[in-house]
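Residues: numbered from 1 along the sequence shown. A quick note: this is a predicted structure, and the numbers were derived from the prediction, not measured. Both counts, for ligands and for their atoms, begin at 1 and track the order of listing.
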Amino acid sequence: MKEVLIIHYSQTGQLTIILENMARTLTGNNITISHYQVVPEPEYGFPWKPTRFYDVFPETFLQIPSDFHPPKPEILEKKYDLVILGYQVWYLTPSIPINSFLKSDFAKKLLKDTPVVSVVACRNMWIQAQEKIKRLLASVDAKLVGHIALVDRHINHISVITIEHWMLSGRKDRYWGIFPKPGISDTDMDNASKFGPPIKKALNVDDFSKLQDELLQLDAARVNPFLVRTDERGNVLFSKWANLLIKKGEPGEPKRLKWIGFFKFYLKFAIWVIAPIVFVVFLLTYLPMTKKRKNERKYYASVALKHTK
Ligand SMILES: Cc1cc2nc3c(=O)[nH]c(=O)nc-3n(C[C@H](O)[C@H](O)[C@H](O)COP(=O)(O)O)c2cc1C
């Protein structure tokens, strides 16, 4: 008998559907699947109030944990053969609920010496968030054996507009009737069921060494080299902002909110002015950077962790 635990958090239910589709083809006579949904305390409202949406940035980026409801005793008492960890990206970082869980003693208990498959569903920028997940998993002695990334496939700037509409209105529909639907497409969500069989195969023979290669053949984690650059630059700039904003007071305090207003303005500037400049530099250096790009593609699509910082 194999025991699988699916851990996740999802505000809109998008990730829940993806994981359900995977679980459908993973389940079998000899496989028991348990679920633990991380519920923050207090919960983040959805749809987001605009100020709150930006005000969670400093604590998210600095990976400061906050409270959540603990797993039930029946979840904690089992030893799992595999954990599937579903998460979303907030500000180029794993969301606060998932980060809080991974920094808790519950994560040490549930994940130590346990194979983990991570599943991220986000707008499109997951590369550095996944590096943070790799480090968090290493800190609780978990073994990352697979990674699946589902993204909004529309061009970057279109998805920036549509995700803001979705997050602030709560409606996953076509903004103004002209933009595409935000988030992961229905087809990609349905097709998440294709990842179940290779995971099941590895689980049944207790050998996960080839799993990521098999998942990659199913297009599990497509690395976009331009987004790698943007994510990298974004992390440098976000680090400066987060360290500044955290000193301006507690979430929701008027003095801090004034600064969050500046950050919001800066974010728009970064997306609409800096990102296109990064894109031009990316194009100008396309040929000399060929080897670096190839290496990065290989590394970021893998489950390996570089021993830098
Ligand atoms: C506060 C906040 C910040 C976000 N930042 C990013 C980001 O930096 N990169 C990204 O690809 N998606 C980002 N997203 C989109 C989420 O990753 C995710 O797609 C969306 O919140 C729906 O996920 P859920 O319903 O599973 O919670 C952000 C969402 C929120 C709420």
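Atom 13 (C) of ligand 1 has as its closest protein heavy atom V89 O, 3.0 Å. The closest protein non-hydrogen atom to atom 25 (O) of ligand 1 is T12 OG1, 2.4 Å. The protein atom (non-hydrogen) at minimum distance from atom 19 (O) of ligand 1 is C122 CA, 3.3 Å. Protein heavy atom at the shortest distance from atom 27 (O) of ligand 1 is Q11 N, 2.8 Å. Of all protein heavy atoms, the one lying nearest to atom 5 (N) of ligand 1 is Y91 N, 3.0 Å.
Side-chain atoms of K194 never come within 3.5 Å of backbone atoms of T25 as a donor-acceptor pair (strictly under, hydrogens ignored). A donor-acceptor pair under 3.5 Å is formed between the side chain of D81 and the backbone N or O of E3.
Inspection of the N99 and Q63 side chains reveals an N or O donor paired with an N or O acceptor under 3.5 Å. Under the 3.5 Å distance criterion, with hydrogens and angles disregarded, a donor-acceptor pair is assigned to the side chains of T114 and K79. Using modelled atom types and a 3.5 Å distance limit, the side chains of N156 and R123 yield a donor-acceptor pair. Inspection of the N124 and H154 side chains reveals no N or O donor paired with an N or O acceptor under 3.5 Å.
Set against the non-hydrogen atoms of L15, the atoms of ligand 1 under 4.0 Å away are 26 (O). Of all atoms in ligand 1, numbered sequentially from 1 with element shown, those under 4.0 Å from a heavy atom of S10 are 24 (P), 25 (O), 26 (O), 27 (O). Residue-ligand proximity, L92 to ligand 1, at heavy-atom distances under 4.0 Å covers atoms 7 (C), 8 (O). Those atoms of ligand 1 that come under 4.0 Å of a heavy atom in W48, given as number and element, are 31 (C). Short contacts between ligand 1 and M167, defined as distances under 4.0 Å to a heavy atom of the residue, involve ligand atoms 20 (C), 21 (O), 22 (C), 31 (C).
Here's the thing with F53: none of its N/O atoms is less than 3.5 angstrom from an N/O atom of ligand 1. Looking at ligand 1, you'll find an N or O of R123 within less than 3.5 Å of one of its N or O atoms. In terms of N/O distances under 3.5 Å, ligand 1 is not approached by W90. Looking at ligand 1, you won't find any N or O of W166 less than 3.5 Å from one of its N or O atoms.
Below 30°, between 30° and 60°, or above 60°: for Y266 and W241 the angle between ring planes is between 30° and 60°, a tilted geometry. By the 30° and 60° cut-offs, the orientation of the rings of F57 relative to F263 is parallel. Relative orientation of the F282 and Y286 rings is perpendicular, given thresholds of 30° and 60° on the angle between their planes.
Under 4.0 angstrom from ligand 1, there are no non-hydrogen atoms of A129. With a 4.0 Å heavy-atom cut-off, ligand 1 is reached by the side chain of I163 but not by its N, CA, C or O.
Residues passing the ring pair (Phe, Tyr, Trp, His ring centres under 6.0 Å) test with F68: none are found, sequence neighbours excluded.
A cation-pi arrangement is not found for K109 relative to Y36, the charged atom failing to lie both closer than 6.0 Å to the ring centre and inside a 45° cone about the ring normal.
Contact analysis leaves W126 out of contact with ligand 1, as no non-hydrogen atom separation drops below 4.0 angstrom.
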